[in-house]
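Residue indices begin at 1 and follow the sequence shown.
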Amino acid sequence: MKVDTWDYVRRLRKWLDADAAPTSVEDARLLRVLKISEELGEVAEALHGALGANPRKGASHSWGDVAKELADVIVTAMVALDSVSGDGATVVEQQLRGRVKEITAAGDIRLLQVLAISGDMGAIATAVYGALGTGPRGEAVEITHTWEDVEVRLGGLILTAAVALDDLSGDAWDTVDERLRFLVARVVA
């Protein structure tokens, strides 16, 4: 990651804080975490298109499209993490120092990597429910997690998505930096 990567992330977060519809801090956190799922859906669509897996649409996307969508997942998760923690850079740096995640199995590794990101989203959802003390249907449940647990899981998702993006682009962080610069130039002039 470049030194200014997290500066760009903070600029996007501040723009969202200032220009998004008024909401509570907790709802803003939830919406930013939920946005990751939307972006992950776009990865799945691009992956299907790159593989030509949907007979109705054929080869509708390139591997470059998949890389762009994976970068969007990472950027969105970074903004969500920074919203939850206030210092996403520290959380990710601690996780980078603390572990290396490898996925090995039979089959197309690209598909497994995207599936692993989906698993990370499930862990994030469980931690959010546990931190809020609210179940998926709004029912009160025991508080079993903290927002720090959510931070750790968001950091893990960023690293999982970075592994998938690195396999496609050769340098995940350069691709993320490029995407961040594009987004900041578009929305935070």
More than 12 heavy atoms from other groups under 6.0 Å of CD on E139: yes
Heavy-atom pair with the smallest gap, counting every atom of T134 and V141: N-CG2, 3.5 Å
Spacing of D177 atom CG and Y8 atom OH [to the nearest 0.5 Å]: 8.5 Å
Closest non-hydrogen atom pair between G133 and I143, with its separation: CA-CG1, 3.8 Å
Single-linkage hydrophobic cluster, 4.5 Å side-chain cutoff, L30 and L154 together: yes
V73 with L31, same ILVMFWY side-chain cluster at under 4.5 Å: no
A71 to T175 - nearest heavy-atom pair and separation: CB-CG2, 4.0 Å
Spatial distance of atom CG (L157) from atom CG (L81) [nearest 0.5 Å]: 10.0 Å
Side-chain (D4) to main-chain (D7) donor-acceptor, under 3.5 angstrom: no
Intermediate values then yes/no, side-chain contact (heavy atoms from CB on, under 4.5 Å), V91 and V152: CA-CA 7 Å; V91 174; V152 169; 5.5 Å; no
If you look only at distance, which donor and acceptor atoms sit under 3.5 Å apart when one is on a side chain in residues 33-51 and the other is two or more places apart or in another chain?
| from | atom 1 | to | atom 2 | distance (Å) |
| --- | --- | --- | --- | --- |
| K35 | NZ | E38 | OE1 | 3.2 |
| K35 | NZ | E38 | OE2 | 3.1 |
| H48 | ND1 | A44 | O | 2.8 |

Main-chain N/O of W6 paired to R10 side chain as donor or acceptor, under 3.5 Å: yes
Under 3.5 Å: donor-acceptor pair, side chain of R153, backbone of D149: yes
Pair T146-E148, side-chain donor/acceptor within less than 3.5 Å: yes
Reported CD1-to-OG1 distance for the pair I117 and T160, which is rounded to 0.5 angstrom: 7.0 Å
Heavy-atom closest pair, residues L16 and R32: CB-NH2, 3.2 Å
Residues in side chain to side chain donor-acceptor pair (under 3.5 Å) contact with T126, at least two apart in sequence or another chain: none
Under-4.0 Å salt bridge between K14 and D82: no
Candidate pair T144 and Y129, rule side-chain contact (heavy atoms from CB on, under 4.5 Å), full reasoning: CA-CA 8 Å; T144 57; Y129 288 138; over 6 Å; no
Residue pair H145 / A127: nearest heavy atoms and the distance that separates them: CB-O, 3.4 Å
Heavy-atom closest pair, residues A162 and A172: O-CB, 3.3 Å
Gap separating the CZ atom of F182 from the CG atom of L180, nearest 0.5 angstrom: 11.5 Å
Same apolar cluster (I L V M F W Y, side chains within < 4.5 Å links), V187/V9: yes
same_hphob_cluster(W15, V84) at 4.5 Å side-chain heavy-atom cutoff: yes
D65 side chain to S62 backbone, donor-acceptor under 3.5 Å: yes
Nearest-0.5 Å distance that lies between atom CG in D166 and atom CG in D174: 9.5 Å
Gap separating the CD atom of E69 from the NE2 atom of H61, nearest 0.5 angstrom: 7.0 Å
Side chain proximity check, L165 to W173, heavy atoms < 4.5 angstrom: no
